[in-house]
Structure formats: C-alpha cells, structure tokens
**Q** 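This structure is in structure tokens; I'll ask about it shortly.
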Number of protein chains: 2
Amino acid sequence: MHRTHVKVLEGVLDANGTIAQANRDDFDRAGVSVVNLMSSPGAGKTTLLEKSLWGLGVRAGVLEGDVRGSLDAERIAALHVPVVQIETGSAFGGECHLDANMVRSALPALELDELDLLVIENVGNLVCPAEFRVGEDTRAMIISVTEGEDKPLKYPLMFRACDVVIVNKIDLLPHLDFDLDKLLYHVEAVHPGVETMLVSARTGEGIGPVRDWLVRVATREAVPA
Amino acid sequence: MHRTHVKVLEGVLDANGTIAQANRDDFDRAGVSVVNLMSSPGAGKTTLLEKSLWGLGVRAGVLEGDVRGSLDAERIAALHVPVVQIETGSAFGGECHLDANMVRSALPALELDELDLLVIENVGNLVCPAEFRVGEDTRAMIISVTEGEDKPLKYPLMFRACDVVIVNKIDLLPHLDFDLDKLLYHVEAVHPGVETMLVSARTGEGIGPVRDWLVRVATREAVPA
C-alpha cells in the first residue's frame, strides 16, 4: 500500500512531465521541432525572433508567453509568422513562467501540420522557466551584455538547462563596463561545452549563425538526443 | 461552521501577511525604515546601492536576496555596510522572490537597533516579488532603459506595487533605440502619479535625488501612510 501511495504521489508531482510528453507526441506527429526560448525581461527575445524568422526558408511559428498583453505577439504577427499568445496573468494566475499545460492549452490554435519549427517565447524570468519542460526539443536562452557578467553564477539552473546561450546587445559593448570574456568564462563554468553565439539583434551582427541554428533545429540536425 | 472554515482558510492564505506584520513590528520597535527594492536581473540594484549608501549620513544596512551565491552581498560588504545574504536556492527551494518568512529568517543576523534604514534587495524578477509583502515601509523598483519601453504594460503589477520607479542606465540612451517619454507615459498609465527618478548608477548622474529619497525614508519623511 505504501508503495502504491508513493507511486501516486510521484504521478502528481510529475503532472507537468506527463503533459510535456503529450505535447512532445503531438509535435512529433506533426513533424515540428520546438525551441523553448528564455531570458530576463528585455533581453531581446522578440527582437531576435523578428530578425531571425523572416525569410528563414522553413515554416516557423511562435507561441508567445507573457504575464500581460499581446505586444510581442503583434510584433511577430507583423512578419506574417503564425503566432499564438498565452497570457499567464488572466488565465493562469499571473504565473512567472510557462508550463506544459499552458502550452497545451494553446496548441489547438496552432496549425502544427503547417509548421517545421515552433519557437516558444517564455515569460521573461531567469528562475522558474528553467524548471518546467513544455515538450520542447531544445532550449535556448538569451543573456544581454547589459545584465552583467555574474548572471551564470546567480542563475546557474537556467544556464545549465539550455543547449544554446545567445549573448545579445553586443553593439553596446563599447559603452559598458562589461568583460565579455568573464561572462563566457562563467557560462563555461556552470555549463561546460555549451554552445554560445554573440549577436546584436538590433544591428543584425551575428544573426546568421542564429538563423542557421534555427534551420538546423527545424531539419532536426541540431536537436539534442 | 462554514463561516469558521472560511476564516481558517483566509488565515492560511494570508500566512505571508501575518509574518510580514511581525517583521513590521520588529522594524518599528527598532526604529528602522525598510525599502523593498525590486527589478529584473541586471537592472542595476546592487550598483545603485553601491553608489547611494556610501556616506549617506544615516545608518544603512542591506539584506541581499539571490537564488544562488553571495556576489552582491560581497560588493555591499566592501562598503562597510552591514549586509546579510538570503540564498533562496539552497534554503528555500529555488524561489524566484523573497517572502516575509525568508526575510524573518535573516533578521537575527542583523543588528536592527543599530540601523536607521534597511534596504531589502529582492531576487531579480519582475513578476513574483511584487506579490509578497515582507514588512517593508516602501517599495521601489528599477527599470533599466535597455529593457524596452513596453515593460510597464507587460508587468503592470510590479509597476503598481511600487512607490518609486527608478529609471537606470540613462547614460546608454544615446546608443539605444529607446523612447524615454514612451516609457514614462507607460509608467504613468499603469501607476498614475508614481514618483520617477532618472539615473545612471554607473556614472552617478541623477544619484543625488535617490540618496535624498533614501534619507527621507530613513527619517520617515518619505514613507507612505
């Protein structure tokens, strides 16, 4: 009896994992590769997508997570990229992250069969989004150089949870007291061997490798086993 | 019976409020004014404190909230300002915010009677910290101009919860596509009449009014009723 009880408890604790797997199965059936994109507020997730998704040569869609509003979804929609908004503030009690169930609730609004790539833009937060799988193939995070070199040490779970770390706003480096080598050293310390890309989503510098990576994810060349 | 049950339930839900009041009572007994300082990761909370607390003429202490590490506490300690670290990652399950109980756990390590002003530097996050009172007199947030003009619309609870909004990194304005008037318009839209201050914690520009405000909090001239 005790054993059974423990099994039930494990089942409840892992409800997010169960729903994430259901999402994963739906993505696989539709042949769509999924990126979970995370960062602090204002690190440049939407701007990076604006610069990356246009004319990518694969059919991309976006799922936008925000506490409130649909500003980012409107920016993506302006590119004629299919986009669905999840507002965690009204429907999900103001959650500071997306979970598998929130993503699942949005799937009926997406034509998954028409997509090769789905980017899930998570709520801006360096803590909780890293704790919730949503059924993605791969996870990427953006750290902007305005946030300081210490962030990998302060938010190690986020940096460890990601397959790719995109360092954004490098156009601002001449105007900051920021040591890029120190940031990369800290990234490597908490997640040895993780792929890093240096970009300015604003100027377009370095955006080519990000676009190439998205294509490789869409064609399943860059999806972790 | 139903009524009693509801009362018990309210009590449980409001455990944070009960502990916040106990903190508040301790602060009042010691005659210390308390600021809850919140922002995104990397918006400049610690740098602002480094530039503001030194030689302030009131006895200031700092309580540092971080998911992991004590980097910020070490920066504050270097100013010979009393500082206590709360690490939410190890002791409190990786919480993305401080709550009243975490603050309470740190109080024995502070000599409250020796302080006029205590600044509680919350975990970097624009969502959950706004939901948890910790016994503070007043709340301030920092929004950096690198985060974009849309943040008040996306995180309205945080902007509404604060008595003061400090706009940081204004030294970077010439290098950004950022409309300061638009940000201030959005701040005013979600929190009409809120006090705003424009600063560069890095260059020191605008730091005088922040220091004056901290002194007025410490002497209880700038504490909301």
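So that the names make sense, note that chain A is the first sequence line, chain B the second, and so on, each numbered from 1.
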**Q** Is any side-chain heavy atom of B:Leu126 closer than 4.5 Å to a side-chain heavy atom of A:Val67?
**A**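 The answer is no, as the side chains (C-beta and beyond) never meet within the 4.5 Å cut-off.
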**Q** Where does A:Lys154 contact chain B at under 4.5 Å (heavy atoms): side chain, backbone, both or neither?
**A**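 Backbone plus side chain of A:Lys154, per the 4.5 Å heavy-atom cut-off to chain B.
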**Q** Please identify each residue that fulfils ring pair (Phe, Tyr, Trp, His ring centres under 6.0 Å) with B:Phe178, with sequence neighbours left out.
**A**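 Checked B:Phe178 against ring pair (Phe, Tyr, Trp, His ring centres under 6.0 Å); zero matches.
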**Q** Select one option (side chain, backbone, both, neither) describing which atoms of B:Leu71 are under 4.5 Å from chain A's heavy atoms.
**A**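 It is the side chain, since no backbone atom gets that close.
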**Q** Heavy-atom pairs under 4.5 Å with chain B - which of A:Gly124, A:Gly148, A:Ser144 has more of them than the others?
**A**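 Option with the greatest count: A:Gly124.
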**Q** Could you check whether atom CD of B:Glu111 has more than 12 heavy atoms from other residues, nucleotides or ligands sitting under 6.0 Å from it?
**A**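 No, the 6.0 Å shell around CD holds no more than 12 heavy atoms from other groups.
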**Q** Let me confirm one number: the OG1-CG distance from A:Thr46 to B:Asp150, rounded to the nearest 0.5 Å.
**A**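 That separation rounds to 7.5 Å.
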**Q** Working to the nearest 0.5 angstrom, can you tell me the gap between A:His97 NE2 and B:Cys96 SG?
**A**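 It comes to 8.5 Å.
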**Q** With only heavy atoms counted, which part of A:Pro156 is less than 4.5 Å from chain B, the side chain, the backbone, both or neither?
**A**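 Just the side chain, heavy atoms under 4.5 Å.
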**Q** Give me each pair satisfying salt bridge (Lys or Arg N to Asp or Glu O under 4.0 Å) with a member in residues 197-211 of chain A, each pair once, sequence neighbours excluded.
**A**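 Those involving residues 197-211 of chain A are A:Asp171-A:Arg202, A:Arg202-B:Asp177.
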**Q** Top residue by heavy-atom pair count (under 4.5 Å) with chain A, among B:Leu153, B:Thr47, B:Leu176?
**A**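 That would be B:Leu176.
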**Q** Check whether any side-chain heavy atom of B:Pro41 sits under 4.5 Å from a side-chain heavy atom of A:Pro41, and report yes or no.
**A**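 Yes; the side chains approach each other to less than 4.5 Å.
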**Q** Counting only heavy atoms closer than 4.5 Å, note whether A:Leu157 contacts chain B via side chain, backbone, both or neither.
**A**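 It is neither, since no heavy atom gets under 4.5 Å.
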**Q** Test B:Val127 against A:Thr88 for side-chain contact (heavy atoms from CB on, under 4.5 Å), laying out the working first.
**A** CA-CA 11 Å; B:Val127 188; A:Thr88 72; over 6 Å; no
